[in-house]
Amino acid sequence: AKAGNAQGKSRVCYFYDNEIGNYYYGQGHPMKPHRIRMAHNLLLNYGLYRKMEIYRPATATFEELCKFHSEDYIRFLRTITPDNVTEHTKQMQRFNVGEDSPVFDGLYQFCQSSSGGSIGGAVKLNKGQADVAINWSGGLHHAKKCEASGFCYANDIVLAILELLKHHKRVLYIDIDIHHGDGVEEAFYTTDRVLTVSFHKFGEYFPGTGDVKDVGANLGKYYSVNFPLKDGMDDTSYQSIFKPVIGKIMELYRPGAIVLQCGADSLTGDRLGCFNLSINGHAECVRFVLEQKVPTLILGGGGYTIRNVSRCWTFETSVILGQEIADELPYNDYYEYYGPDYRLHIQPSGMENQNLPETLEKLKAKVFEHMKQWTPVPNVQMAQIPGDFPVGDADEEEDDPDERMGRSAADKHVEHGAEFYDQSKDKSRPDELAAASAPLPEAVPVAVVRAAEDRAAVSAEEKPGAAWENGEKKGLEVAGAGGGKRRGQGLRRDSGIDDGAGEGGDVGVSRCED
């Protein structure tokens with residue numbers, strides 16, 4: 001399988017928390033953080049870790065999460081647990097937590113980790129220390145300022161974009177998840193400093209927003225681009241719209257940074273999806289974005305046939321690194337999930353493509369017409385730049401003095417036999433790295449985050465060949481990186497981002513009403 005892009009010499013950093021796969025939404029829930037651990041383990045066994053710096057993300061603090069979300073909402077996420085839900089029933093209704101977005105053990109820590117990786121990647125790009133940053137545990141694009149939505153609680157994407165806006169006048173957000181990126185669009189609906197572009201299934205599908213006519217408001221009018229699609233979207237049709245639209249945007253908008261959400265539920269055979277993209281077709285979007293040679297943050301998102309999610313994000317990591325990897329899968333901790341073929345790539349199905357070429361051309365013409373309304377390269381006055389978010393584990397909580405060795409210390413000192421540690425690529429010894437990094441506010445690259453992690457207990461529905469991957473999709477009410485169908489749900493435009501630039505070139509965040 002050819003990676004085939006000129007991005008091979010780019011500096012790539014990769015964020016991964018080895019606790020992420022332990023979070024569990026509950027029995028039968030489609031969202032499974034375990035898929036991120038599967039992707040990580042697969043890319044390690046392909047040897048891709050040798051070509052990038054791996055960081056454990058610093059957990060996002062309460063204050064950092066409140067850069068976008070309301071304090072009441074984040075305080076609620078910090079407080080709620082499966083043991084005290086009966087005491088917070090009114091708040092759960094108020095913040096839309098409980099059904100599609102359930103309460104589970106470690107919910108707040110999950111939000112901190114996911115958001116910390118995305119913000120940390122943005123900081124790396126801002127400092128010029130990387131050309132591409134990856135956080136597959138990010139991309140939770142439905143979360144709103146004051147409520148959870150569609151399996152998403154903290155909107156790591158909005159937080160990362162706010163970080164990028166400290167250094168860049170314009171940021172482009174691209175969403176290739178099958179669901180509309182409503183939370184990100186809503187946050188930046190009234191500003192021209194962030195251009196949001198979403199290619200998604202539209203019509204009786206969660207979240208119900210994202211018509212081509214939804215273009216933004218006030219200063220942000222025409223800076224929200226939506227491309228509504230129908231079932232069966234295949235590789236050829238997708239590229240016939242993606243490349244011209246993104247190409248024209250790059251020509252006219254000229255962003256300083258790009259955030260690409262790579263939701264894998266647009267792949268063929270997804271448990272909740274209805275598109276027909278191959279992994280290579282999905283990755284072609286990544287290739288094209290990287291060809292623009294703009295600092296890029298790559299994030300995960302939806303994806304509910306977990307063996308295909310890990311395949312996709314592993315291959316896209318290879319594309320980012322410019323490395324060719326074999327179609328035959330290497331042995332890994334989750335090898336049995338990939339049977340019976342044990343191959344990296346999957347074949348599209350024979351489903352009908354309901355997206356007629358003439359319809360796609362008409363939609364493309366409408367989108368191009370909207371672009372003509374743009375002010376030529378919007379200009380922003382950049383004031384004093386605020387301080388950066390801490391990147392990695394040098395800023396973690398202090399290790400327990402009663403423990404023999406803390407987690408962060410272990411990462412810096414232990415060279416595990418199963419890590420495929422390539423010493424020739426790293427001239428510094430782990431103890432020298434630790435000593436050298438002590439005064440710095442950034443993470444020490446973890447040469448390889450432990451590949452032989454303890455297997456988390458995986459419930460029966462996560463096993464390959466289980467019924468939920470073989471025909472229960474039509475009966476599900478949930479649909480998203482997604483989530484359940486919330487009847488009558490509309491965008492709350494008053495809870496977005498103000499269109500003016502705040503102190504230090506930041507974008508002001510308006511508070512939602514209780």
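Computed from heavy atoms alone, side chains included, the values below leave out hydrogens, waters and symmetry copies.
Side-chain contact between L172 and V294 is absent, with no heavy-atom pair separated by less than 4.5 Å. Counting heavy atoms from C-beta on, the side chains of Q261 and Y173 come closer than 4.5 Å. Side chains of D234 and P348 form no contact here, defined as non-hydrogen atoms less than 4.5 Å apart. Side-chain atoms of V12 and K51, non-hydrogen and from C-beta on, never get closer than 4.5 Å to each other. In this structure, the side chains of Y24 and F104 stay at 4.5 Å or more apart for every pair of heavy atoms. Within the 4.5 Å cutoff, no side-chain heavy atoms of H88 are placed close to those of T81. Counting only heavy atoms from C-beta outward, the side chains of E316 and L260 never approach each other to under 4.5 Å. Considering only heavy atoms from C-beta on, Y153 stays 4.5 Å or farther from S114 through its side chain.
Using a 4.0 Å cut-off between charged side-chain N and carboxylate O, D131 and K293 make no salt bridge. Ion pairing between a basic and an acidic side chain is recognised when a charged N comes within 4.0 Å of a carboxylate O; K243 and E284 show such pairing. Under a 4.0 Å N-O distance rule, the pair K201/D270 does not qualify as a salt bridge.
Looking only at distances, a side-chain donor or acceptor of R311 sits under 3.5 Å from a matching main-chain atom of R343. The backbone N or O of R37 lies less than 3.5 Å from no partner atom in the side chain of N41, so there is not a single donor-acceptor pair. Put simply, the side chain of R35 never gets that close to the backbone of N308: no donor and acceptor are under 3.5 Å apart. The backbone N or O of L290 lies less than 3.5 Å from no partner atom in the side chain of T296, so there is not a single donor-acceptor pair. Looking at H34, its side chain never comes within 3.5 Å of a backbone N or O of N22 through a donor-acceptor pair. A donor-acceptor pair under 3.5 Å is absent between the side-chain atoms of E163 and the main chain of G120, judged by distance alone. N96 contributes no side-chain N or O that, together with a main-chain N or O of E147, makes up a donor-acceptor pair within less than 3.5 Å.
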Might you work through the side chain to side chain contact (heavy atoms under 4.5 Å, CB included) test for S237 and F275, ending with a clear yes or no?
CA-CA 11 Å; S237 295; F275 282 1; over 6 Å; no

Before you tell me yes or no, could you show the steps for N332 and Y46 under side chain to side chain contact (heavy atoms under 4.5 Å, CB included), namely the whole-Å CA-CA distance, both residues' side-chain angles and the distance that decides it to 0.1 Å?
CA-CA 9 Å; N332 61 88; Y46 267 117; over 6 Å; no

Determine whether F202 and N226 satisfy the following criterion, side chain to side chain contact (heavy atoms under 4.5 Å, CB included), listing intermediate values before the conclusion.
CA-CA 10 Å; F202 181 75; N226 286 298; over 6 Å; no

Would you please test L229 and I241 for side chain to side chain contact (heavy atoms under 4.5 Å, CB included) and show each step?
CA-CA 11 Å; L229 301 167; I241 59 171; 3.8 Å; yes

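A side-chain N or O of N276 and one of T268 form a donor-acceptor pair less than 3.5 Å apart. Side-chain contact annotation: H200 with Y205, donor-acceptor N/O pair under 3.5 Å absent. Side-chain contact of D17 with S113: a donor-acceptor pair under 3.5 Å is present, judged by distance alone. Looking only at atom types and distance, the side chain of H179 has a donor-acceptor partner in the side chain of D265 under 3.5 Å away. Of the N and O atoms on the side chains of S310 and Y338, at least one donor lies less than 3.5 Å from an acceptor on the other residue. Side-chain contact of D182 with H142: a donor-acceptor pair under 3.5 Å is present, judged by distance alone. One side chain, H180 or T209, offers a donor N or O that lies under 3.5 Å from an acceptor on the other.
Once rounded to the nearest 0.5 Å, the distance linking CG of D235 with SG of C285 reads 9.0 Å. Between the CG atom in L43 and the CH2 atom in W136 there is a gap of 9.5 Å [rounded to 0.5 Å]. The CZ atom of F315 sits 10.5 Å away from atom OG1 of T317, with the distance rounded to the nearest 0.5 Å. Atom CG of residue L44 and atom NE2 of residue H40 lie 4.0 Å apart, to the nearest 0.5 angstrom. Atom OH of Y14 sits about 13.5 Å away from atom CD1 of I298, to the nearest 0.5 Å. Atoms NZ and CZ, on K145 and F68 in that order, are 6.0 Å from each other to the nearest 0.5 Å.
Ring planes of F15 and Y55: parallel class, angle under 30° (limits at 30 and 60°). Taking the six-membered ring where the residue is Trp, Y337 and Y334 present perpendicular rings, their angle passing 60° and hence far from 30°. Between F199 and F242, the ring planes are tilted. Angles from 30° to 60° get that label.
Between V259 and the options V158, V289, L164, a side chain to side chain contact (heavy atoms under 4.5 Å, CB included) holds for only L164. Partner of H29 under the ring pair (Phe, Tyr, Trp, His ring centres under 6.0 Å) criterion, out of Y23, F151, Y304: F151 alone.
Across all non-hydrogen atoms, the minimal contact from S118 to L299 is OG-CD2, 3.4 Å. Minimum heavy-atom separation, G269 to T305: O-OG1, 2.9 Å. Closest approach of H141 to D175, counting heavy atoms only: ND1-OD2, 2.6 Å. Contact record, V245 with F227: CG2-CE1, 4.1 Å, taken as the closest heavy-atom pair. Scanning all heavy atoms of the two residues, the minimum distance from C152 to A143 falls at CB-N, 3.5 Å. The nearest pair of heavy atoms linking D231 to N355 is O-ND2, 3.3 Å.
Within 6.0 Å of CD on Q354 lie more than 12 heavy atoms contributed by other residues, nucleotides or ligands.
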